Amino acid sequence: MDNEKTTTQEKEMVTPFTVSIEEYLSKISLPAIEFDCNGKELLFILDTGSNGSHINRSVLNELGIETKTIEKKKGVEDYIATGNGVAEPSYEKCDLRISLGDYKFNVLLDVDDLDAAFDHIFKSDGVRVHGILGTNFLRANNWTIDFANNIAYPAFKVKVSQD
């Protein structure tokens, strides 16, 4: 993680750090970042094609993190478009606090059984994936994925002091 600070042209947002995604792009052909959660490194794929964020149920079992069940909805808008077609959303959720250095992020994750998909990545590429951070997380924290430079970074609003 590079701690060099940059600002946008409008100077309303600050980018406090960048994270290299080059290693995982070369290994699994996907942008991914390791976050810390309760002292355990968790690898999340950054997925702009997913409107939601997901974590593998077995990871939560290892960490001892509790989940909650939300009420089932019945509208067509509640279904999720995936690369494999349409899927029913997960009704089991968890609030997770993940961090990169001094920066902490709260994310609401769908809890899914992703062992088969993630085991396939592990068997073919030797990389253990724990979850997916979709556009809900990326937009909430103003993340940019810069493929030209193989980096990803969040931008935070600058708080201007009132004199």
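Just so it is clear, the structure is predicted and the values come from calculations on it, not from any experiment.
In the model, Asn51 has no side-chain atom that pairs as donor or acceptor with a side-chain atom of Thr135 under 3.5 Å.
A search for side chain to side chain contact (heavy atoms under 4.5 Å, CB included) contacts involving Asp115 returns Asn56, Ser58, Asp119, not counting sequence neighbours. The side chain to side chain contact (heavy atoms under 4.5 Å, CB included) search around Thr144 returns Tyr153, not counting sequence neighbours. For Glu41, the side chain to side chain contact (heavy atoms under 4.5 Å, CB included) partners at least two apart in sequence or on another chain are Glu34, Asp36. Looking at residues two or more places apart in sequence or on another chain, you find no ring pair (Phe, Tyr, Trp, His ring centres under 6.0 Å) involving Phe122. Looking at residues two or more places apart in sequence or on another chain, you find no salt bridge (Lys or Arg N to Asp or Glu O under 4.0 Å) involving Glu22.
By the criterion of side-chain heavy atoms lying less than 4.5 angstrom apart, applied directly or through intervening Ile, Leu, Val, Met, Phe, Trp or Tyr residues, Ile145 is grouped together with Ile98 in one hydrophobic cluster. Cluster annotation: Ile33 and Phe17 are assigned to the same hydrophobic cluster (Ile/Leu/Val/Met/Phe/Trp/Tyr, side-chain heavy-atom contacts under 4.5 Å, transitive). Note on Val59: it clusters hydrophobically with Phe105, by side-chain heavy-atom contacts below 4.5 Å among ILVMFWY residues. Linking Ile, Leu, Val, Met, Phe, Trp and Tyr residues whenever their side-chain heavy atoms come within less than 4.5 Å leaves Val14 and Ile151 in two separate clusters. Leu100 and Leu96 fall within a single hydrophobic cluster, where Ile, Leu, Val, Met, Phe, Trp and Tyr are joined by side-chain heavy atoms under 4.5 Å apart, directly or via other members.
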| task | Report the C-alpha distance between Asn142 and Thr15 in whole Å, list the side-chain angles of each, state the deciding distance to 0.1 Å, and finish with yes or no for side-chain contact (heavy atoms from CB on, under 4.5 Å). | result | CA-CA 10 Å; Asn142 297 307; Thr15 301; over 6 Å; no

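A heavy-atom distance below 4.5 Å is not found between the side chains of Arg97 and Val107.
A salt bridge is defined here as a Lys NZ or Arg NE, NH1 or NH2 lying under 4.0 Å from an Asp or Glu carboxylate O, and Lys27 with Asp125 fails to meet this definition.
Other residues sharing a hydrophobic cluster with Leu114 under the 4.5 Å side-chain heavy-atom criterion for ILVMFWY residues are Tyr24, Ile28, Leu30, Leu43, Ile45, Phe118, Ile121, Val127, Val129, Ile132.
Annotation: Arg139, atom CZ; neighbour count of heavy atoms from other residues, nucleotides and ligands within 6.0 Å does not exceed 12.
The aromatic rings of Tyr103 and Phe156 sit parallel to each other, their planes meeting at less than 30°, with 60° as the upper class boundary.
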